[in-house]
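Structure first, then comments.
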Amino acid sequence: MSFELRYRVFMNSFDEDDAFEAAARPSLSQLAMQGAMRNAMPENKGEYLEGLNAEQREAVLALEGPVLMLAGAGTGKTKALTSRIAHLLHSATARPNEILAVTFTNKAAREMKERVARMMGHSVEGMPWLGTFHSICVKQLRRHAELVGLKSNFTILDTDDQLRLLKQLIALHGIDEKRWPARLLAGIIDGWKNKAYTPDRVPAADHAAYNGQGVALYRAYQERLKTLNAADFGDLLLHMVSIFQNHPDLLASYQRWFRYILVDEYQDTNVAQYLWLRLLASEHKNICCVGDDDQSIYGWRGAEVGNILRFEKDFSNAKIIRLEQNYRSTGHILAAANGVISGNTERLGKQLRAVKEDGEKLRLVGHWDGEVEARWIGEEIEAMASGVRSRLRQYSLEDMAILVRASHQMRAFEDRFLTIGLNYRVIGGPRFYERKEIRDAMAYFRVICQPEDDLAFERIVNTPKRGVGDKAIKDIQVIARRDRISLLAAAQLAIDEGALKGKAKSGISKLLTDFERWRDLNFRHQNTNGAQSEGLIEDGASDPAEINHIALAEMVLDESGYAAMWKNDKSPDAPGRLENLKELVKALEQFDHLAGFLEHVALIMENESAADEAKVTIMTLHAAKGLEFPVVFLPGWEEGLFPSQRSLDEAGTKGLEEERRLAYVGITRAEEICTISFAANRRVYGQWQSQLASRFIDELPADHVNVEAMTGLNVAQPASSPSFADRVSSADAYDSPGWRRMKARSQHSNIGSAAKMVINAKATAVFDVSDRVFHQKFGYGEVVLVEGDKLTIEFDHSGTKKLVSSFVRCADDAGDVPF
DNA sequence: GATATGTCGCTTTTT
DNA sequence: GCGACATATC
């Protein structure tokens with residue numbers, strides 16, 4: 001059996017327990033579940049209805065027909081949504097696999113699964129169609145890939161691959177990439193895909209895009225993706241919409257199947273997602289969409305708030321239910337949020353009512369520069385964690401979050417927290433799977449799983465160095481294009497034809513035999529592990545050469561010389577990279593085979609670090625949507641940064657309104673204490689710039705805000721009405737209570753560190769001046785000064801830093817990594 | 001072909 | 001102020 005063929009057998013078996021066919025013969029787990037449901041019924045009948053308010057209850061009980069739930073921040077929409085699912089299942093109105101429940105993020109999907117499980121009192125393994133738009137579309141597309149010219153083992157490209165591919169095509173078309181950046185084209189194509197335009201459906205008005213060649217390049221790009229057997233993110237939706245539009249019979253079977261549809265964060269759907277939903281819902285019309293127009297913050301990504309507005313038009317007799325009781329935030333916080341959002345004109349209109357007491361007013365703090373801001377917030381967090389700051393209660397670090405507009409703002413906080421030894425976690429920062437070493441390793445796995453993946457092959461063909469230079473790669477590309485074959489196949493042909501010589505020849509030839517061996521091992525493993533069903537395993541089960549994917553991954557990294565490359569690398573971050581590779585291999589344990597892992601990584605780009613100790617969370621406002629924290633810090637409220645200049649330039653008033661919604665989202669994340677701050681000076685592109693306080697600060701209703709400390713600032717021109725800008729400039733900043741408190745604190749700056757030092761003591765080694773040390777982020781360096789547990793270190797490549805000693809270790813230990 | 005140096009442009013936001 | 005890309009030099 002050829003590899004191709006065997007692979008396909010595997011992929012089919014992969015789908016074995018897939019939801020759809022399971023219809024006719026319910027799987028064991030489903031049977032078990034239904035049994036459990038019936039058994040559970042007498043005791044917890046209607047339990048999930050308790051604790052719902054009238055509107056929530058209405059939303060849960062209205063199972064038949066279209067429902068639009070307009071749910072403001074903190075009004076318990078997830079509760080309503082999950083209760084609705086529980087109700088569907090519990091009342092035996094629908095079987096678990098007949099419910100399509102879509103979210104945007106993996107986090108939301110996971111939470112929904114967990115909450116439904118909790119309500120039902122058992123797991124919801126039987127809900128195969130609860131997931132993100134993307135994961136559900138992948139599932140469908142793997143099954144019908146051939147209808148759009150793909151094979152079911154297609155690769156999902158991320159933005160990086162997408163960009164590299166576009167660059168190649170742009171060069172091929174003789175366009176100057178400097179003048180017409182690939183990023184621009186990527187954005188245009190993404191935009192089209194979000195609107196569900198295939199190349200021949202791009203409207204004439206858009207034909208001038210990208211120097212008039214946008215459509216041609218889009219077409220070429222799609223062709224290229226097909227030959228690479230790959231799909232980008234936009235394709236997942238686009239392909240499914242095309243398939244449904246072109247194959248009515250197939251669509252009909254899905255329409256019949258999904259008797260109940262639920263959609264979370266409906267305001268964030270783009271046109272493609274909307275079409276996909278509408279196609280699927282048009283049979284039973286039992287669709288329940290939940291959304292909040294005030295929290296629509298993904299317009300830049302093609303989200304159409306219009307989808308929410310036209311719901312009634314699309315689905316006649318739609319029931320509209322408003323959730324306006326806010327259970328999350330105190331009165332002052334809610335009032336401030338309401339005040340800010342009222343500045344927007346395009347709203348459906350909704351007034352959140354607080355259930356909680358007024359609580360503390362928002363705090364507004366101005367700082368001299370970004371570093372002072374980071375320092376102040378760090379101290380504030382320490383004080384709250386030690387119970388000094390708050391008269392309400394002591395907070396855990398887990399209760400606190402810093403929400404920023406743009407990810408580069410995170411660095412100031414990271415630097416500061418590293419220095420004072422404050423535990424933090426960054427969500428959505430530089431991602432694990434975007435690191436070079438991880439992407440390289442993944443490229444090896446990709447070529448193993450999908451030999452047509454030229455992008456991956458190109459990435460690693462000379463990494464580590466195999467003596468394959470530009471010339472050799474060009475030659476291989478020429479052959480590949482001539483014979484319309486993959487680079488991998490072309491490389492083999494090049495050797496057979498004698499087109500390669502010397503180092504290039506021997507290097508590639510070794511790589512090719514390696515890949516052949518690895519792929520064979522991988523196939524055997526997948527075939528035994530992925531195919532539980534009959535007759536598929538012809539060989540392998542008892543084969544002594546059998547090897548699992550984890551051992552295979554180690555073998556690949558080892559035999560390819562990739563691990564050795566970093567081991568021999570003397571640069572400061574090499575040890576860290578080896579650590580990351582080790583982590584990557586460890587991550588494989590949660591999967592059955594490499595292919596499953598690759599898909600997971602493509603769809604779920606988050607890296608979950610073990611939540612062992614309490615940590616402050618740092619993340620973007622976008623990432624914070626749907627979350628809540630007792631204590632929230634909102635730094636960097638400055639013109640140009642927030643609202644972002646770019647957003648204003650690109651989308652004008654629309655952009656400003658979206659930024660304002662972002663401010664609204666930020667404030668409404670807070671349950672008890674919300675602190676907004678800004679700095680008068682900030683480094684932008686490494687250059688100091690003086691900043692103006694954000695216009696959103698002027699829009700905060702003064703009755704609900706305390707101005708805490710203003711430390712000598714340049715402030716925006718006074719606005720027409722008396723505003724904070726005025727109060728800031730007129731305040732005697734240097735005599736304010738806040739200033740005095742700050743000064744007092746800076747003299748003995750470690751209010752909250754007693755407990756922390758106990759924690760740190762356990763792991764802290766003792767360092768002396770001139771010790772060589774290693775730091776995960778800054779690399780190698782030498783200790784030049786020791787003050788208690790604080791070290792001043794001159795790093796070889798990262799300059800001089802002052803850090804708490806528990807964050808560094810002896811340079812000698814650092815090399816102690818596997819491979 | 002592999003390294004060392006220089007230049008430019010850039011930062012929103014993410015499945 | 002950093003990293004991606006290009007050019008220069010071995």
Side-chain angles (χ1 to χ4, degrees), chain A residues 102-109 131-138 156-160 162-164 167 171 177-179 181-183 186-187 190 193-194 231-237 265 268-270 272-273 296-303 403-412 415 427-431 433-434 436 462-474 501-504 507 599-606 619-625 636 640-651 655 658-659 661-662 665-666 682-688 797-799:
Chain A
V102 213
T103 66
F104 271 84
T105 64
N106 298 294
K107 214 188 298 158
T132 63
F133 276 99
H134 295 272
S135 66
I136 290 173
C137 280
V138 169
I156 302 166
L157 297 188
D158 62 21
T159 14
D160 207 73
Q162 204 181 77
L163 228 45
R164 283 194 299 142
K167 274 180 190 166
E177 211 257 341
K178 282 258 155 62
R179 257 191 75 116
R183 280 179 156 279
D190 267 352
K193 288 188 175 177
N194 286 338
D232 66 18
F233 268 103
D235 281 340
L236 302 179
L237 262 301
E265 308 280 14
D268 288 334
T269 49
N270 62 34
Q273 288 158 339
S296 156
I297 54 176
Y298 285 104
W300 53 274
R301 214 169 80 191
L403 311 181
V404 298
R405 175 63 183 83
S407 50
H408 67 258
Q409 290 172 265
M410 293 176 180
R411 193 197 277 138
D415 279 353
I427 310 257
R431 305 221 185 94
Y433 293 116
E434 279 169 12
K436 190 163 84 169
N462 198 33
T463 311
K465 303 262 179 291
R466 297 190 174 86
V468 186
D470 295 347
K471 175 79 168 54
I473 292 173
K474 272 239 165 63
K501 300 195 179 57
K503 263 204 239 159
E599 176 151 318
H600 169 86
V601 171
L603 291 176
I604 304 168
M605 293 287 286
E606 61 197 52
M619 65 175 129
T620 63
L621 287 163
H622 284 87
K625 195 171 68 160
L641 186 58
F642 188 41
S644 133
Q645 190 56 49
R646 186 151 166 189
S647 185
L648 263 37
D649 292 345
E650 281 173 10
E658 182 152 314
E659 296 286 305
R661 290 193 290 269
L662 214 38
V665 167
R682 198 174 285 279
R683 234 203 295 245
V684 181
Y685 300 141
Q687 214 71 38
W688 281 102
H797 294 85
S798 320

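Predicted, not measured: the structure shown is a model, and the values here were computed from it. The sequence lines fix the lettering, A, B, ..., with proteins before strands; numbering per chain opens at 1.
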Sugar-phosphate, base or nothing in reach of A/T620, heavy atoms under 4.0 Å: sugar-phosphate
Mind listing the N/O atom pairs, protein and nucleotides 4-9 of chain B, below 3.5 Å?
none

Residue A/H408, side-chain atoms from C-beta onward, closest of B/dT15, B/dT13, B/dT11: B/dT11
Closest to the A/K465 side chain, choosing from B/dT15, B/dT11, B/dT3: B/dT3
Terminal contacting nucleotides, 5' and 3', DNA chain C versus chain A (heavy atom, 4.0 Å): C/dG1 to C/dC5
Minimum-distance nucleotide (side-chain atoms of A/R405 versus B/dG1, B/dT15, B/dT13): B/dT13
Short side-chain to backbone donor-acceptor contact, A/D415 and A/A412, under 3.5 Å: no
Rounded interatomic separation in angstrom, taking NZ from A/K193 and C1' from B/dT14: 16 Å
Side-chain donor or acceptor of A/Q273 paired with backbone N/O of A/N270 under 3.5 Å: yes
Sugar-phosphate, base or nothing in reach of A/F104, heavy atoms under 4.0 Å: sugar-phosphate
Residue whose closest nucleotide on DNA chain B lies nearer the 5' end, A/G467 versus A/E658: A/G467
Shortest non-hydrogen contact between A/W300 and A/E658, atoms and distance: CD1-OE2, 3.1 Å
Whole-angstrom distance between C/dA4 and B/dT13, as gauged at atom P: 16 Å
Length of the line joining A/Q645:CD and B/dT13:P, which is rounded to integer Å: 16 Å
Sugar-phosphate only, base, or nothing, as touched by A/R164 at under 4.0 Å among non-hydrogen atoms: nothing
Interatomic distance where CG belongs to A/D160 and C1' belongs to B/dT15 [whole Å]: 16 Å
A/L662 or A/P181, whichever maps to the more 5' nucleotide of DNA chain B: A/P181
Protein-nucleotide distance (A/R183, atom CZ; B/dC10, atom C1'), rounded to Å: 9 Å
Separation of B/dT13 P from A/D649 CG (nearest whole Å): 16 Å
Minimum-distance nucleotide (side-chain atoms of A/A406 versus B/dG1, B/dT13, B/dT15): B/dT13
Distance below 4.0 Å between A/S407 side-chain N/O and B/dT11 OP1 or OP2: no
Heavy atoms of other groups near A/R164 CZ, more than 12 under 6.0 Å: yes
Donor-acceptor pair, side chain of A/E265 and main chain of A/T103, under 3.5 angstrom: no
Touch class at under 4.0 angstrom, heavy-atom based, for A/K167 against every strand present: sugar-phosphate
Separation of atom NE2 in A/H134 from atom P in B/dT14, rounded to whole Å: 13 Å
Face-to-face contact A/Y298 to B/dT14 six-ring, under 5.5 Å, under 30°: no
Out of B/dG1, B/dC10, B/dT14, whichever nucleotide has its closest atom nearest the side chain of A/Y685: B/dC10
Sugar-phosphate only, base, or nothing, as touched by A/E650 at under 4.0 Å among non-hydrogen atoms: base
Residues, nucleotides or ligands: over 12 heavy atoms within 6.0 Å of A/D649 CG: yes
N/O donor-acceptor pair under 3.5 Å between A/R405 side chain and A/L641 backbone: no
Sugar-phosphate, base or nothing in reach of A/A504, heavy atoms under 4.0 Å: nothing
Check: A/Q409 side chain, A/A406 main-chain N or O, donor-acceptor pair, under 3.5 Å: yes
Whether A/Q162 side chain and A/D232 backbone form a donor-acceptor pair below 3.5 Å: no
Whether A/H134 side chain and A/L603 backbone form a donor-acceptor pair below 3.5 Å: no
A/K107 NZ to B/dT14 P, straight-line distance once rounded to whole Å: 10 Å
Euclidean distance, atom CG of residue A/N270 to atom P of B/dT15 [Å, nearest integer]: 14 Å
Test side-chain contact (heavy atoms from CB on, under 4.5 Å) applied to A/K465 - qualifying residues, sequence neighbours left out: A/N462
